[in-house]
Amino acid sequence: MKKSDIHEVYEILEDVYRNMDEPSVTKISKQTRRDPFRVLISCLISLRTKDEVTLAASNRLFAKADTPEKMLTIPADEIAKLIYPAGFYKTKSNTITNICRILLDEYDGKVPDEIDELLKLKGVGRKTANLVVVEGYGRDAICVDTHVHRIFNRLGYVATKTPDKTEMELRKHLPIKYWIRINEILVSYGREICTPVSPHCSYCRLSDICDKVSVDRRR
DNA sequence: AAAACGGGGGC
DNA sequence: GCCCCAGTTTT
């Protein structure tokens, strides 16, 4: 896939997304969108965890506390119990507590809206920082999670294994007006069509320009 | 028993 | 940039 094809690829994805009954991303993030704190915390929980499990764990936690102040009233080990099935509950609950402490002490209880500030928080990397900005604040950012990266990797748009490289390329070649939607579109596409294992290439509209079309295409 | 799940951090 | 790491659920 040539870099210049990015616009065409976007249009196809946009069209597919428009015709989905209920894009999975809306199910996942319905209450979370535009709430920077929820975006941040559920992202921390999502580490090495399936989306459905992350959603359930996040909701259990948010029912008890949906602000940094409230979160700090819950002992870390109780947070750990609430998010238990997500795995790494010990590490994650400590990370959550630590970050809430910093938010309260240094950021007036608010989640920063700048990538650079978010990255200063231990446990927050590029994916989380970008997601907070784009989902939490509705601002221009490109969030490259495994779904987004996997799709562009298969297309041949990027060769490296690192999502950071994908983000750089998208920032360079994808017009800014598309940045906000590219993540939600590709997350849905990645969950439903370009799945991690046995992707549904037979009805993927990108298969003609994809480097890694699997046998599913001929079924 | 082995694979799948997704991201941060250290080098 | 590449490699390592963590625990639970599903197959």
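Order of the sequence lines fixes the chain letters, A, B, ..., with proteins taken first and strands second; residue numbering starts at 1 for each chain. Basis for what follows: all heavy atoms, side chains included, without hydrogens, waters or symmetry-related copies.
Look at CG on A:D164: it is 9 Å from C1' on C:dG1, rounded to the nearest Å. At whole-Å resolution of the value, CG in A:L186 and P in B:dG6 are 14 Å apart. Per the geometry, CG belonging to A:L121 stands 15 Å off C1' belonging to B:dG9, to the nearest Å. Between the P atom of B:dA4 and the CG atom of A:D51 lies a distance of 16 Å, rounded to the nearest Å. Distance A:L40 CG to B:dG7 C1': 14 Å, rounded to the nearest Å. Residue A:K127 contributes atom NZ, which lies 12 Å from atom C1' of B:dG8 at whole-angstrom precision. A:L55 has its CG atom 14 Å from the P atom of B:dG6, to the nearest Å. When rounded to the nearest whole Å, the span between CD of A:E169 and P of C:dG1 equals 11 Å.
Among the nucleotides B:dA4, B:dG6, B:dG9, the one closest to any side-chain atom of A:K122 is B:dG9.
Counting side-chain heavy-atom gaps under 4.5 Å among Ile, Leu, Val, Met, Phe, Trp and Tyr, the cluster of A:L104 also holds A:L72.
Residues passing the side-chain hydrogen bond (donor to acceptor under 3.5 Å, both in side chains) test with A:D145: none are found, sequence neighbours excluded. In terms of the side-chain hydrogen bond (donor to acceptor under 3.5 Å, both in side chains) criterion, A:T95 has no residue partners (sequence neighbours excluded).
Judged by distance alone, the side chains of A:S93 and A:K81 never bring a donor and an acceptor atom under 3.5 Å apart.
For the pair A:T128 and B:dG7, the criterion of a side-chain N or O lying under 4.0 Å from OP1 or OP2 is not met.
Between A:R181 and A:E14, at least one side-chain N (NZ, or NE/NH1/NH2) sits under 4.0 Å from a carboxylate O, which counts as a salt bridge. Looking at A:R101 and A:D105, a side-chain N of the basic residue comes within less than 4.0 Å of a carboxylate O on the acidic one, giving a salt bridge. Ion pairing between a basic and an acidic side chain is recognised when a charged N comes within 4.0 Å of a carboxylate O; A:E52 and A:R191 show no such pairing. Of the charged side-chain nitrogens involved, at least one lies within less than 4.0 Å of a carboxylate oxygen, so that A:R205 and A:D15 count as a salt-bridged pair.
The gap from the P atom of C:dT9 to that of B:dG8 amounts to 22 Å, rounded to the nearest Å.
Two residues, A:R150 and A:L119, neighbour DNA chain B, and the one matched to the more 5' nucleotide by heavy-atom proximity is A:R150.
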*Using a 4.0 Å heavy-atom cut-off, write out nucleotides 2-11 of chain C from 5' to 3' as B (base contacted by protein), S (sugar-phosphate only) or - (no contact).*
B---BBSSS-
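Residues in residues 128-162 of chain A take part in these ring-ring contact (aromatic ring centres under 6.0 Å, His included) pairs, two or more places apart or across chains: A:F152-A:Y157.
Nucleic acid contact class of A:P196 (heavy atoms, under 4.0 Å, all strands): sugar-phosphate only.
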*Where does DNA chain B pair, written as one dot-bracket string 5' to 3', with Watson-Crick or G-U pairs under 3.5 Å, ( ) inside the strand, [ ] for crossing pairs and | for another strand?*
|||||.|||||
